[in-house]
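Note that these values count all heavy atoms, side chains included, but never hydrogens, waters or copies made by symmetry. Every value quoted in this text rests on a predicted model; they were computed, and no experiment measured them.
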Amino acid sequence: MHIDRSATLSALLAQEDTDGSKTITIDDHGPKSFTLQDTNGQTLTVKGTYYLANLLQELWLGNGELDPDKVHMPPLERADYLIKHHYWPMLTRRLDEHTLLSVLADEKRHSEHTYLYVPANDSDGLSYYRRICAPYPNIEVIEFSLPLTAEKLAEIDQKPGLLALKYDAEHQRPLPYVVPGGRFNEMYGWDSYFIALGLMAHDQYDLALGMLENLAYQIRHYGKMLNANRSYYLTRSQPPFYTLYLAEFYRRYEDKLSESWLAEHLAIAIDEYQTVWMNPETRLTHIGLNRYFDEGLGRPKETEPGHFHLELQKYADRHHLSVAEFEQRYDAGDIREPELDRYFIHDRAMRESGHDTTTRLDNVCADLACVDLNAILYRVECEISTLLDDYFPQGLLHNGEQHSGSDWYEKAQTRYDLVQEYLWHEQDGCFYDYHTRLNEPHLFMSATNLFPLWAGLCEPEQAQRLVHEHLPKLMSIGGIVSTAPVAAIPGQPERQWDAPYGWAPHQILIWQGLERYGYHHEMQQAAYAWVSMIIQTTVHYNGMIPEKFDAGQASHKTNVEYGNVGAIFEYLPTGGFGWTNASLLLGMARLSDEQRATLNALASGTNA
């Protein structure tokens, strides 16, 4: 149908968007029925919130051509279509001459000048970025090199900026990456793995490859897979999914890649494991298991103003200062507070965990050998062992050391034994984080306690106890919540990684764990609860796919720190949210035909 786009869009909003949000949701109170006419006099009547929102989206996206079939797509098909054709492109970034200014922009730390750090030994990248930045006198390109010293970090802190990613000299352009949500411009660490699962589900080979290459570039040139590619994240990694990303990507696209490519990237995975995670000065504890850690010191300055107000107030009162004055003098080093220093060591470690913030890790994280981290590292060791056995049975020589599958299997077995010794709590029938300073379990119920299911760290009896005794404590109407209930702090928003909030990575890993141990029914129940909540949200709220949910209420409406990225938009969601998109795709693939039919029928319930 060929239509007058502007006039039709205006008429639709005037009639159906009663709250003026430029969306059509169940909170609007229009007649829920709209008839449009094309230039040939043909009419189309659209009824119900869901279909009217689809019409709004198609009008907004179109150039005067309207396909009625897209307006009347069933909800599951529509969500898949939007993610593949609109959301992934909306979330894709590339630091080139066309997007330079927008990608360099940083909402967390502002300065008069803009800084771009490029590895000193990347001559192609340096040449390219100097050329495209030359027209902008306020952009300074700074050569970066390892190692990181306290002096270098202090100097970089005065010039916060973006860390360049890989420039593809062969095709003469930087490689692309996908950001978590529409307001972000930098590439995030563990988000990228889960986003890649969604990209691979849509067979987005080039985009998934670009992201993997960018993570490898970070490890090679910045020393680790970064929390994100901003200079203030140089001291912090995130849960180490690079190796797992590599293994899944290579096995899926083996016919497009060479073994020399795999050897190069496997060597990078080994480097990350050895230099980042097995370093006894930072992330390897005295019990042989690992912890999260951030080599930086003091208050993380990328946090929003006022985030630490309650904590800083205690120390400001001691010094008879306002919070603002105390913060300024503490940051400058004029005031020494060892107890507060230790608090920020834990806070930074918690941010490396990706679970910022949660009561589980607050003011204790750097002392914990965490279940989630050690489950991931066990999988890393297993995957490296398997890749070596499958593709390099003769061994892989790297940095003068011969690596064999059997050597890495022994590493995995050692970790398995340590996890059983320190993290398994026989009385409770659960895995818990272990407090390495107090030498006792950290008895806190969290979705991460179930990660050993995903990693294959459980004996069958342990898996049975986790599934039958502990999974029900975390299951809710909207899927798996992050933790057991946590008492609220008066005057403070809830922590986003506590109950009742649910997050995509927890769902995905626990579904896979349940599948691994043969709990198909429980997996399908959990997947259906999560997918049902998302689809209800897309049906009722103009296609919305936000960062997180109140899984206890099966709602996107939250009163939580950092807000809810993706919950506010006009016309069409600005990309949804990366790993939530991926979880929806992976979850829908696990549903029965009956479950899919039930969710598609939600569209007909929005006609009133």
Contact between [X] and [Y] at the side-chain level, heavy atoms closer than 4.5 Å - yes or no?
X	Y	result
Y250	R252	no
N229	Y233	no
W497	H506	yes
E410	Q413	no
F451	N374	no

State yes or no: are the ring centers of Y205 and F249 separated by less than 6.0 Å? yes
Does the gap between the ring centers of F549 and W503 come in under 6.0 Å? no
What residues form a side-chain hydrogen bond (donor to acceptor under 3.5 Å, both in side chains) with E381, not counting sequence neighbours? Y273, R415
Report yes or no: is the cationic atom of R516 (NZ for Lys, CZ for Arg) closer than 6.0 Å to the six-membered ring centre of W454, at no more than 45° off its axis? no
Between V565 and K548, does a side-chain contact (heavy atoms from CB on, under 4.5 Å) hold up when you go through it step by step? CA-CA 8 Å; V565 179; K548 55 184 169 282; 6.0 Å; no
Would H202 and D80 count as having a side-chain donor-acceptor pair, cut-off 3.5 Å? yes
Distance from [X] atom [atom1] to [Y] atom [atom2], nearest 0.5 Å?
X	Y	atom1	atom2	result
E272	I219	CD	CD1	4.0 Å
I24	K32	CD1	NZ	7.5 Å
L209	L257	CG	CG	6.5 Å

Before you tell me yes or no, could you show the steps for Q218 and M187 under side-chain contact (heavy atoms from CB on, under 4.5 Å), namely the whole-Å CA-CA distance, both residues' side-chain angles and the distance that decides it to 0.1 Å? CA-CA 10 Å; Q218 291 177 26; M187 179 180 180; 3.9 Å; yes
Does [X] pair with [Y] as a salt bridge, N-O distance under 4.0 Å?
X	Y	answer
R251	E383	yes
D362	R495	yes
D347	R351	yes

Over 12 foreign heavy atoms within 6.0 Å of CG, D593: no
Please determine whether the number of non-hydrogen atoms from other residues, nucleotides or ligands lying under 6.0 Å from atom CD of E440 exceeds 12. yes
Return the orientation label for the F194 and W190 ring planes: parallel under 30°, perpendicular over 60°, tilted otherwise. perpendicular
In terms of the angle between their ring planes, are F184 and F577 parallel, tilted or perpendicular, with boundaries placed at 30° and 60°? perpendicular
Can you list, pair by pair, the side-chain donor-acceptor contacts under 3.5 Å of residues 385-392, counting residues two or more places apart and other chains?
from, atom 1, to, atom 2, distance (Å)
S385, OG, G405, O, 2.7
T386, OG1, C382, O, 3.0
Y391, OH, E254, OE1, 3.0

Please report, to 0.1 Å, the donor-acceptor pairs under 3.5 Å made by any side chain of residues 459-467, with sequence neighbours excluded.
from, atom 1, to, atom 2, distance (Å)
E459, OE2, Y416, OH, 2.2
Q462, OE1, Q420, NE2, 3.2
Q462, OE1, E459, N, 2.9
Q462, NE2, Q420, OE1, 2.6
R465, NE, E469, OE2, 3.1
R465, NH1, E426, O, 2.8
R465, NH1, E426, OE2, 3.4
R465, NH2, Q427, O, 3.4

